[in-house]
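Here's the structure we're looking at; comments come further down.
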Amino acid sequence: MISRVKGTQDILPARFTAKPDAQIERWLLVERVAREAFRRYGFEEIRTPIIERTELFERGVGAETDVNKEMYTFEDRDGEMVSLRPESTAPTVRAYSEHGMFNQAGLVKLFYIGPQFRRERPQKGRYRQFWQIGVEVLGQSDEPAIEAEVIEMLYWFLMELGISDTELLINSIGDGACRPAYISALREAIRERLPNLCGSCRQRYETNPLRVLDCKVESCQVHLAELPLISDSLCDACGNHFSEFRRLLDQRGIAYKIEPRLVRGLDYYMRTAFEITGSSLGAQNTLIGGGRYDGLSEILGGQPVKGFGFASGIERLVMSVPESTINLGVNRPELFVACVGADSRDYAFGVARRLRAAGISVIVDLEGRKLKKALAVANSLDAQYSLIIGEDEIKSGSYVLRDMKTGEQTSLRESEIIDTLKYRRL
RNA sequence: GCGAGCAUAGCUCAGUUGGUUAGAGCGCCUGACUGUGGAUCAGGAGGUCACGGGUUCAAGCCCCGUUGCUCGCCCCA
């Protein structure tokens with residue numbers, strides 16, 4: 001049998017899988033709560049294509065970043081290079097520009113929910129096809145109020161999901177005015193200590209010096225403590241921006257930890273960077289990551305646009321949602337219709353159709369089973385009620401409604417059945 | 001890209017120092033019960049022991065390789 005591609009997964013009704021992050025009921029909950037939370041803050045949904053020109057990501061996320069090297073890229077039949085999207089900020093900014101949204105008077109607040117693709121080695125909480133929920137605030141303003149409100153919204157979102165054991169990490173990574181000088185100072189300081197650092201630190205000194213700050217090797221810690229921090233090198237504009245951002249978080253009572261070593265992996269980030277981490281996720285514990293990217297639009301050849309946003313991995317959210325928030329029974333049928341005899345089946349189709357028109361979820365036994373077997377199927381589907389229709393019922397116009405939990409049976413007409421089931425819902 | 005662990009029925013797992021025809025629980029099918037599910041009882045189906053090679057009189061078990069899954073490194077959501 002042909003199996004699924006490595007690093008992908010099937011999302012199934014919970015009764016077919018014990019893996020929490022593969023249960024559709026959990027996914028539907030996360031998506032529903034996200035849409036509702038974002039709606040309250042004035043965000044609108046956008047869907048961009050899954051494939052884009054490779055150039056969009058090479059310029060957007062940076063050609064030398066890991067994300068870019070992990071892309072699924074191929075040559076289309078006409079010779080054009082296209083890629084499965086590894087993230088959705090660059091596509092969203094592309095769409096913003098391509099559809100002239102910059103002509104809007106105010107901020108454009110967008111959110112997306114969709115699959116992304118990166119060819120990494122799969123592990124817990126990291127897949128080759130993974131889903132992200134993200135938001136982007138685009139416009140001419142870089143007010144820290146935008147950032148604080150987005151984070152406030154995130155906390156509302158997480159609270160509604162019942163995810164409470166989280167930590168907010170924030171940092172400012174500077175801008176074009178102050179970051180270059182900091183990076184060269186950092187590189188200089190690392191070089192002096194290079195012989196004392198571990199192998200991967202030496203590697204990162206070459207590829208991404210900011211990452212050296214993040215090393216977890218014990219023997220490196222004492223040397224890392226001596227390295228300069230970006231927070232000491234921020235220009236006035238970045239420093240003011242960061243303190244205003246913090247003031248607005250304080251005002252909202254949102255706790256945070258300043259993490260001077262927090263860096264984003266993609267080239268387009270500047271100034272505010274943040275991350276929300278969760279427990280019980282294993283090594284991949286970042287639930288949400290985001291930041292400011294004021295230069296991105298111009299890198300892509302568009303108008304100057306300021307932007308702030310985040311992305312969150314749905315798999316990781318789903319794994320973090322506690323059992324108590326989930327209703328695994330959302331899909332259970334309200335009514336199972338069992339028929340006695342082939343003639344009554346034809347009759348039952350009409351009854352079922354009218355009950356469905358009234359809004360009730362109905363499964364009819366299409367297999368012509370004996371009553372005993374039909375009820376067994378109703379039981380395994382966890383139907384709330386069964387409806388038994390045979391010759392006697394057709395004659396009288398009243399059908400036997402059986403409560404599958406108590407076994408209690410009553411003879412009811414169609415309108416009474418509708419009333420009973422609707423009443424039960426309240 | 002690098003490292004480690006695991007792979008036996010649909011699912012969760014036993015399987016002794018290598019020894020006859022590979023087991024259990026759950027699930028599935030049939031019946032006890034011709035218009036009444038769940039509980040009980042009786043019976044049944046279902047296996048290339050991941051794949052390929054090797055050692056041996058003999059391999060689910062030992063050795064090598066491959067593939068897959070899982071976890072970690074890197075990096076990230």
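A, B, ... follow the sequence lines: proteins, then strands. Residue 1 opens every chain.
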In whole angstroms, how far is the [atom2] atom of [N] from the [atom1] atom of [X]?
{"X": "A:Leu262", "N": "B:A77", "atom1": "CG", "atom2": "P", "value": "10 Å"}
{"X": "A:Leu375", "N": "B:G35", "atom1": "CG", "atom2": "C1'", "value": "9 Å"}
{"X": "A:Glu367", "N": "B:C29", "atom1": "CD", "atom2": "P", "value": "10 Å"}
{"X": "A:Phe16", "N": "B:C26", "atom1": "CZ", "atom2": "P", "value": "21 Å"}
{"X": "A:Gln123", "N": "B:G72", "atom1": "CD", "atom2": "P", "value": "5 Å"}
{"X": "A:Ile288", "N": "B:A77", "atom1": "CD1", "atom2": "C1'", "value": "10 Å"}
{"X": "A:Met404", "N": "B:G37", "atom1": "CE", "atom2": "P", "value": "9 Å"}
{"X": "A:Arg4", "N": "B:U70", "atom1": "CZ", "atom2": "P", "value": "7 Å"}

[N] base to [X] side chain: any donor-acceptor pair below 3.5 Å?
{"X": "A:Asn379", "N": "B:G38", "result": "no"}
{"X": "A:Arg121", "N": "B:C75", "result": "no"}
{"X": "A:Glu120", "N": "B:A77", "result": "yes"}
{"X": "A:Gln409", "N": "B:G35", "result": "no"}

Is [X] touching bases, backbone alone, or none of the nucleic acid, heavy atoms closer than 4.0 Å?
{"X": "A:Gly134", "value": "nothing"}
{"X": "A:Phe310", "value": "nothing"}
{"X": "A:Gly341", "value": "nothing"}
{"X": "A:Ile314", "value": "nothing"}
{"X": "A:Leu317", "value": "nothing"}
{"X": "A:Gln9", "value": "nothing"}
{"X": "A:Ala376", "value": "sugar-phosphate"}

Work out how far the [atom1] atom of [N] is from that of [M], and round it to whole angstrom.
{"N": "B:G54", "M": "B:A59", "atom1": "C1'", "answer": "11 Å"}
{"N": "B:A42", "M": "B:C33", "atom1": "C1'", "answer": "14 Å"}
{"N": "B:G44", "M": "B:G60", "atom1": "C1'", "answer": "26 Å"}
{"N": "B:U20", "M": "B:C49", "atom1": "P", "answer": "16 Å"}
{"N": "B:C62", "M": "B:C2", "atom1": "P", "answer": "27 Å"}
{"N": "B:U56", "M": "B:G19", "atom1": "C1'", "answer": "12 Å"}
{"N": "B:U70", "M": "B:C11", "atom1": "P", "answer": "15 Å"}
{"N": "B:A22", "M": "B:A58", "atom1": "C1'", "answer": "16 Å"}

Quick check on [N]: is either OP1 or OP2 less than 4.0 Å from any side-chain nitrogen or oxygen of [X]?
{"X": "A:Lys373", "N": "B:G37", "result": "no"}
{"X": "A:Gln284", "N": "B:A77", "result": "no"}
{"X": "A:Lys370", "N": "B:U36", "result": "no"}
{"X": "A:Lys372", "N": "B:C33", "result": "no"}

(request) Sort out for me which residue in A:Val400, A:Val351, A:Val364 forms a side-chain contact (heavy atoms from CB on, under 4.5 Å) with A:Ile389. (result) A:Val351

(request) List in chain and number order the residues that pass side-chain contact (heavy atoms from CB on, under 4.5 Å) with A:Met159, two or more places apart in sequence or in another chain; answer none if no residue qualifies. (result) A:Trp156

(message) Side chains of A:Thr8 and A:Gln129: any donor to acceptor distance under 3.5 Å?
(response) no

(request) Scan side-chain atoms only and decide if A:Glu136 and A:Thr92 contain a donor-acceptor pair under the 3.5 Å cut-off. (result) no

(request) For A:Arg126 and for A:Gly289, find the nucleotide of RNA chain B with the closest heavy atom, then tell me which residue's nucleotide is more 5'. (result) A:Arg126

(request) Between A:Arg119 and A:Asn285, just flag the one whose closest nucleotide in RNA chain B comes earlier from the 5' side. (result) A:Arg119

(message) Do the side chains of A:Asp294 and A:Lys306 get close enough for a salt bridge, i.e. N-O under 4.0 angstrom?
(response) no

(message) I'd like to know if A:Glu416 and A:Arg413 make a salt bridge, using a cut-off of under 4.0 Å between side-chain N and carboxylate O.
(response) no

Watson-Crick or G-U counterpart of [N], or none if no pair lies under 3.5 Å:
{"N": "B:C73", "value": "B:G1"}
{"N": "B:A7", "value": "B:U67"}
{"N": "B:G31", "value": "B:C41"}
{"N": "B:C62", "value": "B:G54"}

(request) Flag the pair A:Ile254 / A:Glu152 as yes when at least one side-chain heavy-atom distance between them is below 4.5 Å, and no otherwise. (result) yes

(message) Is it the case that the side chain of A:Arg252 and the backbone of A:Leu248 share a donor-acceptor pair, with hydrogens and angles ignored and the cut-off at 3.5 Å?
(response) yes

(request) Please tell me which of the listed nucleotides, B:G68, B:A77, B:G35, lies nearest to the side chain of A:Lys6? (result) B:G68

